[in-house]
Amino acid sequence: MKREDSISGSLDWPTIGLYLALVFLGWINIYAVVYDEGVHQPIFSLTLNSGRQLVFIVASFFIIMGIVILDMRFYETFAYVLYGLILVLLFLVPIIGKEVGGNKAWIGIGSFGVQPSEFAKFVVALAVAKYISSVGFRMDNLRNQAILFGIIGLPMALILFQKDTGTALVFTSFIFVFFREGMSPFLMIVGICAAAIFILTLLIPNQLYLHGAIITLLILLIGFGKKKFKRIAILTVGAVMIMGVIESVDYVVTDVLKPHQQNRVKALINPDVDPLGFGWNVTQSKIAIGSGGFFGKGFLKGTQTKFDFVPEQSTDFIFCTIGEEHGWVGSLVVVALFVALLLRIIFIAERQKNRFTRVYAYSIASIFFFHFAVNIGMTVGLFPVIGIPLPFFSYGGSSLWGFTILLFILLKLDAHRGQVLQRI
Amino acid sequence: MNEGRKEILQIVIVLVALVFLVKLFFIQVVDDRYAELSDSNAILRQTEYPVRGLIKDRHGKLIVYNTPEFNLEVLLKDVKRFDSAKFCAVFEISREELRKKFKEMKARKEYSRFKPTLFLSQLSTTDFAKVQDYLDEFPGFYVQPRTTRAYSSAALANALGYVSEISKTKLENDASKIYKQGDYIGQSGIEGFYEEQLRGTRGVRIKLRNVKGIIKGSFKDGAYDTLSIPGQDLTTGIDLELQKYGEYLMGGKSGSVAAIEPSSGEILALVSGPSYDPNLLTGRRYSSNFRLISSDTNKPLFNRPLMAQYRPGSIFKIAQAMTALQEGVITPETRIRCDRTLIDCHGDHTNEDLRGAITNSCNPYFLGVLRRMLNKGIIDDPFKDTRIGLAEWDKHIMSFGFGKPLGIDLPNEKNGLVPTPEMYDQAYHNRPWKFSNIYSIAIGEGENLVVPLQMANFVATIANRGYYYAPHIVKAIGKDQKPLPQYLIRHYTTIDSANFRVAIDAMQRVVDAGTGMRAKLRDIIVCGKTGTVQNDPLPDHAVFIAFAPRENPKIAISVYVEDSGQGGRSAASIASLMIEKYLLGHTNRPYIEQYVMNGKFLDPK
């Protein structure tokens, strides 16, 4: 008893408070989605998603207790073992899994199904943390970098094989961790530039203008900079590469992306092209949020989400309910809660003396941030539709448990930060 | 080496959050578009159609009422495989039509598997009775009731008008924004003229619906719902029995009968021959029947009492006489020789006074009267003198309601024509004209044009000794039992009341012992005037105007029968039968009725 007291005392209660607030708000918004004025079912009814979500929430409290009770050394010690296990599971999913919503990402356990990919996130985070904190690891070492990318690349490939592109993309968020731990920002900048050029190419119909702009920029840079051969060569090669990317956009859009992915990209650029077809999700999502006004329509008073105009509204598009029923003020509260949580995790990360915990903390901050940015970005029409949940809000046991485990392993590790000897 | 990287990550997080909040602020607070789109998504306005007002005759008998009809609707999600051969047999459509219907339905913009869609419209009650036994064999097909117009008889078709779906052009021009596509609207006749009173006020129920169009309840518990208000009932001045009798008498003839109650201007009967059965223009067969009727060469849709502009013929001599008396160019005792040089005459009279001239319909007499009126010698120049005279003449003639629409409560009323100096200027290309150019207007020929309703109004004016109420069909609207306000105004002619006595005396003589003897009734003094209008090369048109009884007249009537010779034959017979029927409730002269129905009015060649 005494030991448990001391642990609960050293847990980071502000984070727990934010966690509970997000879970609670998520739960009542799930109720708002399924609420039917004619039927008046209570929020606890197990026939409703809200009732089932409550079961998932209660279950996650048991998971939390388990995490807290487990010895802190378990996570670091068994990081690779867990990693191996999850790879096996992910490999098995396409073989023994069941198909839900076009993705074969679920494994049935009795009447429940779980998504191994949701749990892969914390396992990969642990593995990444263990590898980076291992003795002799150097971020500027090419071999170390290659292994690091392998650690995130393998599960990503397996998840992509399940056709769950959204979850696979989540693993790209580890780039932030690597950046924090000393990787050259070059990779990040190249990535962002490529994405920017990609979108610009889609926005500007005539690619000649883009080419013209790049050549002009190149001439200016050469003309006004130092006229060293090496610099001119690098600039020219860079410009040619960018122009190559532009030329490849059409190929990527039409040949590499699958038709539904192409449509999501096109819908982002212009949802009015086919508002009843592929533009439907974005259009309806924006209508729902936009109709909320400043203060919203009131709890359970939303028409767009309640009457199924917005698809996937209790899972990926749960933010619409908040936007519609609670308006800009409600959206502000939710966005603020997420920002507070993210900044708190970074704060926790920075107070660690132990590199393993710090890397792990940054990993989960990155994962949460990716989910937050992509999910809300897609509901307000700033990002293509990628089916990933809003942490703690979206309906679903696997995602809630996955995020809970992610967060509470950190809190467990953080609670023991004083007991760990500092390692470089 | 990793200095500042923590801060960069923190800044990125806050920046993304700020971008979201700004974007949210734009779509939620700044842009109203989304709120509207949300309403149009989830809010469904269901129109509740009011019952259209009834139309009754002067005794309260129903002329037009509402009857249920049934629309066959289909809810595609419930449709199972069905026996299409049987379906076609039950609903009386061909297999091609069935296939076409499904195709059309799917091509519609608002097509939904979850919403009931119109499949067949306007099944009648008999159709419905036949079909309903089979309905359970075709799941997904439902019958929806709605009302349509029905008529208690085939009478009065042209005056009633009809109700049909609003046309595209009307819909576009509808400033009131009341109508939607597929709505019914009164077309022509009373249905068109009194559309505003008949249609009532629509109710609206505001419902919330989900993405599949399924109703999920009332918006704000029905706080914004309104009930429909039924249309106002109209009581017409029509005597339905008289109307039917008139149509019976006009059977097989072209022309019109217009009967007016002089003391009120209420129209008692308005017959246009040939006519059609208004029941043909209701329900499912509207379109095909309308095509048939409108392409009929006898023009049954042409409402002759209001639209057919005829030369009035001899009945116009009474207007001449009144005008001349008023101008003082003659007295009742003035005699003019029947010299028959410039214009021919009939009968063996030679030198009549005014009464005699009217009774004998003496052409030279009225030629002389018009000459005195147009050439008063105010100015020496005969051309200018005629102008002045004609302008004076126009003023009097027009005060009888000629030359302009009387303002009946039916659409498409024509002007008729009273020639004016300006009109002759135009006709003669501004070359001079004088009395000798225009004298045929003296006997109601020449340029004069009158519609039968104006003739009836003219004789009602004589019956009233100098005034009229604009003729109108509807005598009472809704509960306040009043006609439109313009029908309560008395219009006086420019003729002194005393002058009409001469005309009435003469008209009594026409019926008692003159050309209109077929109109004579036993106990009722009928005053009338025949007219025979030239219609070369076809036979003459027959005209008769009359009112009765002489004192305190109850009915004034004009009858115009095309191509049937002397006015004293067909027209006078029909007019007198109508008078008899109206005043007595029955007719006592089967031989006259027989004569009318035989339809042989022309002299054998």
Side-chain angles (χ1 to χ4, degrees), chain A residues 36-38 139-140 176-177 179-183 185 280 283-284 286-297 302-304 306-311 319 323-324 327-332 334-336 338-339 342-343 346-347 349-350 362 365-366 368-369 372-373 376-377 379-382, chain B residues 1-44 108-115 206-223:
Chain A
D36 189 330
E37 224 168 308
M139 201 42 115
D140 51 3
F176 290 113
V177 185
F179 169 69
R180 170 62 186 84
E181 292 305 317
M183 188 182 279
W280 174 267
T283 311
Q284 295 301 324
K286 278 164 85 175
I287 290 172
I289 295 172
S291 68
F294 194 75
F295 290 110
K297 295 177 184 170
T303 53
Q304 303 303 294
K306 200 160 56 179
F307 296 151
D308 308 331
F309 287 98
V310 183
F319 190 73
E324 190 188 10
W328 190 75
V329 175
S331 311
L332 172 75
V334 171
V335 169
F338 272 105
V339 170
L342 291 167
L343 295 181
I346 291 177
F347 172 78
E350 292 295 336
Y362 267 106
S366 305
F368 283 140
F369 175 66
F372 161 76
I376 297 182
T379 58
V380 298
L382 287 172
Chain B
M1 139 182 205
N2 297 336
E3 300 286 301
R5 293 204 168 179
K6 175 190 89 172
E7 285 76 17
I8 288 174
L9 291 177
Q10 285 167 336
I11 288 165
V12 167
I13 289 167
V14 173
L15 266 181
V16 166
L18 284 178
V19 167
F20 284 169
L21 290 175
V22 169
K23 172 82 179 179
L24 282 164
F25 191 80
F26 268 98
I27 65 174
Q28 291 185 306
V29 184
V30 178
D31 197 339
D32 291 337
R33 214 157 35 109
Y34 294 103
E36 283 163 28
L37 286 169
S38 144
D39 283 353
S40 69
N41 258 347
I43 287 177
L44 178 71
R108 264 181 230 160
K109 221 172 82 186
E110 69 275 14
Y111 165 75
S112 160
R113 286 175 54 76
F114 302 93
K115 260 191 273 182
I206 306 174
K207 299 283 187 190
L208 291 174
R209 63 174 170 194
N210 71 3
V211 66
K212 290 168 182 169
I214 296 165
I215 302 300
K216 304 295 281 187
S218 292
F219 179 68
K220 308 249 184 212
D221 289 328

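Below, chains carry the letters A, B, ... as their sequence lines are ordered, and counting in each starts from 1. Because the structure is a prediction, the values reported are computed rather than measured.
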[X] versus [Y]: any side-chain heavy-atom pair under 4.5 Å?
X: B:Gln10; Y: A:Phe347; answer: no
X: A:Leu382; Y: B:Phe20; answer: yes
X: A:Phe338; Y: B:Ile13; answer: no
X: A:Phe179; Y: B:Arg5; answer: yes

Sort [X] into side chain, backbone, both or neither according to what part of it lies under 4.5 angstrom from a heavy atom of chain B.
X: A:Phe372; value: both
X: A:Val380; value: both
X: A:Phe176; value: both
X: A:Phe319; value: side chain

Could you give the distance from [atom1] ([X]) to [atom2] ([Y]), rounded to the nearest 0.5 Å?
X: B:Leu9; Y: A:Glu350; atom1: CG; atom2: CD; answer: 9.0 Å
X: A:Ser291; Y: B:Ile27; atom1: OG; atom2: CD1; answer: 9.5 Å
X: B:Lys23; Y: A:Thr379; atom1: NZ; atom2: OG1; answer: 10.5 Å

TODO: May I ask you to check whether over 12 heavy atoms, not counting those of B:Phe26, lie within 6.0 Å of atom CZ?
DONE: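 At most 12 heavy atoms, drawn from other residues, nucleotides or ligands, come within 6.0 Å of this atom.
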- [ ] Considering only heavy atoms and a distance below 4.5 Å, find which of A:Leu332, A:Leu343, A:Ile287 pairs most often with chain B.
- [x]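 Top count of heavy-atom pairs under 4.5 Å with chain B: A:Ile287.
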Open item on the list: Checking the side chain of B:Gln28 only, and the main-chain atoms of A:Trp328 only, is there a donor and an acceptor separated by less than 3.5 Å?
Closed with: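 Confirmed, B:Gln28 side chain pairs with A:Trp328 backbone.
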Task: Closest heavy-atom pair and its distance - B:Ala17, A:Val335 - done: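 Residues B:Ala17 and A:Val335, closest heavy atoms: CB-CG1, 3.6 Å.
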